[in-house]
Amino acid sequence: MLLGVNIDHIATLRNARGGFEPDLAESALICEKAGAAGITTHLREDRRHIKDEDVKILKSVLKTRLNLEMAMTDEMLDIALKVKPYACCIVPEKRQELTTEGGLDVVLQFEKTLNFVKPLEDTGIEVSLFINPNKEQILAASKTGAQFIELHTGQFSEAFSSENEEKEFQKLKEAAVYAQSLGLKVNAGHGLNYQNVHRMHEIPNLIELNIGHSIICRAVFVGLECAVKEMKELINEE
Ligand code: PXP
């Protein structure tokens, strides 16, 4: 499995004082050096962490791949088509939420999703839809032309070590197998950490895990390079 490191919260820390420290591009290069297969950033509508300029700078300095998470809006489509990241992950977005709360409702917004995916893929950008492990959503996603889905692991992560862990885990596993049977490639992310990530090995053929908060938290104690290396080791362990 590949590790995509989400560096949004490096920007959160920087923005706390409004200056340039810690430097986002430098942090991305450290993640790459430590073995990240790509860097993920979420350009939110309210620009609470990542700013437009950050996305442009990351695109120019990265040696690996930039995965741009974004809401399904005209503004974000324009930005993505100009910046041309390697991949876009389409997420739902609510202004008041602390982080992305649920998956995209592709069933409800099927036409909109179809029309959003097409120009991105026509430009050569890989498109992934961030969805809950739900069969109806997966089936709809498979008809949008998107090559990837990213399974929302938030509910599994919250249930980890509780009586609901197995139920939430099985939902993810069945969803991944179903999506793959429809020809979709499957990534996963949200809430994954050093304790729960090992269960992702039990899901066949996952391609990439996108992990942010837990790595940046760990970096406070051991440094960013070490935090990424530690996570990568857990992901590579069989
Ligand atoms: N994947 C997606 C689509 C997300 O929105 C996020 C959070 O920005 C992540 C992965 C990473 O989640 P976490 O920060 O909890 O690791």
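In each ligand, atom 1 is the first atom listed, and ligand 1 is the first ligand listed.
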Item to complete: Just jot down the ligand 1 atoms closer than 4.0 angstrom to any heavy atom of Val91, in number order.
Response: 3 (C)
Discussion item. Polar contacts were defined as any N/O atom of the residue lying under 3.5 Å from an N/O atom of the ligand; does this apply to Leu192 and ligand 1?
Written reply: no
Worksheet entry | Residues that Asn6 engages under side chain to side chain contact (heavy atoms under 4.5 Å, CB included), provided they are two or more places apart | Asp8, Thr40, Glu69
Discussion item. Any atom of ligand 1 sitting under 4.0 Å from a heavy atom of Gly191?
Written reply: yes
Item to complete: Check each of Glu69, His213, His49, His9 against atom 9 (C) of ligand 1 and report the one with the nearest heavy atom.
Response: Glu69
Worksheet item: Would one find more than 12 heavy atoms of other residues, nucleotides or ligands at under 6.0 Å from atom CG of Asp122?
Response: yes
Discussion item. Looking at Arg65 and Glu208, is there a salt bridge between them, counting it only when a charged N and a carboxylate O are closer than 4.0 Å?
Written reply: yes
Item to complete: Assess the side chains of Ser128 and Glu150: does a donor N or O sit below 3.5 Å from an acceptor N or O?
Response: no
Discussion item. Can you list everything that forms a side chain to side chain contact (heavy atoms under 4.5 Å, CB included) with Lys84? Sequence neighbours excluded, please.
Written reply: Lys59, Thr123
Worksheet item: Is the side chain of Asp54 donor-acceptor paired with the backbone N or O of Ile50 at a distance under 3.5 Å, no angle test?
Response: no
Discussion item. Using a 4.0 Å cut-off to any heavy atom of Ile211, which atoms of ligand 1 qualify?
Written reply: 16 (O)
Discussion item. Distance under 4.0 Å to a non-hydrogen atom of Phe130: what atoms of ligand 1 satisfy this?
Written reply: 2 (C), 3 (C)
Worksheet item: Which of the numbered atoms in ligand 1 are below 4.0 angstrom from a heavy atom of Asn210?
Response: 10 (C), 11 (C)
Worksheet item: When you measure from atom 10 (C) of ligand 1 to each heavy atom in Glu150, His152, Met70, Glu208, which option holds the nearest one?
Response: Glu150
